[in-house]
Amino acid sequence: RPASDDQRESSGLVCFRDKQAGGTVLALNAREGRFAALTNCRTSVKRGEGATSRGLLVEHLAAYGAEDAEAFLEEHLPRMDGFHVFFGDAFGREPRLRYRWNAPEEEPGDGGPAGGAAPAFRSGGGDVPAGRVVVISNENPAVEAAAAWPKSEWLRAEFAGLLEALPAYSTAAELHARA
């Protein structure tokens, strides 16, 4: 979809803005160190007319951080299509990474609600432990049959091995000096 770069001087937010829905899939708050990245959840179930852009969640997380995420989600989640989002704080003494998802419980034809009613959505997530490598495909985590794609497992294992093979450096300046 068409997008434009958007840097808001007053907030420090740097992102590309979706010209159709107004949101973004990747945002960084350069002033505060907050960030968020989103991928859609692969599903044929859509909220339809009046859906809230998932990209507004990304913008909100980068602008206001995890502390305000629950209030935003409580208000907007019932009108959002499926997604996976990683967000956190890269600055400070204890950087933090969190993950949330939202997806329909069933796909059409999987024995979902009768009468053509839209299936219920579920959501989940939490903190990502330090040192853990996480790879997310756009599969639906709410459907029990959804398992990690082999390519996702391969990528996770390869990247974890790469990180383990790197020498330990205490600072970015030390790493840069050795390059």
Side-chain angles (χ1 to χ4, degrees), residues 1-107 112-113 117-144 146 148 152:
R1 296 198 315 203
S4 65
D5 60 337
D6 188 10
Q7 181 172 1
R8 298 182 178 197
E9 296 297 329
S10 63
S11 68
L13 193 67
V14 179
C15 63
F16 284 93
R17 179 122 356 247
D18 177 345
K19 289 184 178 180
Q20 181 177 330
T24 185
V25 296
L26 178 64
L28 169 68
N29 185 320
R31 190 169 291 133
E32 302 293 327
R34 293 186 292 261
F35 61 90
L38 177 135
T39 185
N40 297 339
C41 178
R42 187 167 60 100
T43 176
S44 59
V45 177
K46 304 292 181 205
R47 298 283 191 181
E49 194 67 32
T52 299
S53 170
R54 295 163 285 202
L56 296 177
L57 171 61
V58 172
E59 181 176 351
H60 187 85
L61 291 169
Y64 301 105
E67 295 75 29
D68 194 50
E70 293 308 315
F72 183 88
L73 286 168
E74 185 176 323
E75 179 180 350
H76 297 286
L77 196 60
R79 294 183 310 279
M80 287 184 168
D81 287 330
F83 65 82
H84 301 271
V85 65
F86 283 93
F87 58 100
D89 185 352
F91 295 166
R93 297 177 60 82
E94 295 183 33
R96 186 174 178 193
L97 179 63
R98 300 192 73 194
Y99 166 66
R100 286 292 303 259
W101 60 269
N102 179 51
E105 290 182 354
E106 297 119 359
E107 292 295 320
F121 274 63
R122 288 187 6 207
S123 62
D127 287 341
V128 176
R132 182 170 176 204
V133 175
V134 179
V135 175
I136 298 296
S137 72
N138 61 350
E139 285 299 302
N140 182 344
V143 176
E144 286 186 32
S152 296

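We find the OG1-CZ distance between Thr24 and Arg54 to be 13.0 Å, quoted to the nearest 0.5 Å. In this structure, CZ on Arg100 lies 4.5 Å from CD on Glu70, to the nearest 0.5 angstrom. Here Thr52 contributes atom OG1 and Glu75 contributes atom CD; the two are 8.0 Å apart, rounded to the nearest 0.5 Å. Rounding to the nearest 0.5 Å places CG of Asp127 at 8.5 Å from CG of Leu97. Between the CZ atom of Phe83 and the CD1 atom of Ile136 there is a distance of 12.5 Å, given to the nearest 0.5 Å. Interatomic distance, Leu26 CG to Phe35 CZ, rounded to the nearest 0.5 Å: 10.0 Å.
Heavy atoms of other residues, nucleotides or ligands lying less than 6.0 angstrom from OH of Tyr64 number 12 at most.
Of all non-hydrogen atoms in Leu28 and Ala62, the two that sit nearest each other are N-CB, 4.4 Å.
No donor-acceptor distance shorter than 3.5 angstrom exists from the side chain of His84 to the backbone of Tyr99, with no hydrogens or angles considered. A donor-acceptor pair under 3.5 Å is formed between the side chain of Asn29 and the backbone N or O of Arg31.
For the pair Leu61 and Phe72, the minimum side-chain heavy-atom distance is 4.5 Å or more. Two residues are said to be in side-chain contact when any heavy atoms from C-beta on lie closer than 4.5 Å; Leu57 and Leu73 meet this criterion.
Between Arg34 and Asp89 there is no salt bridge, since no side-chain nitrogen of the basic residue lies less than 4.0 Å from a carboxylate oxygen of the acidic one.
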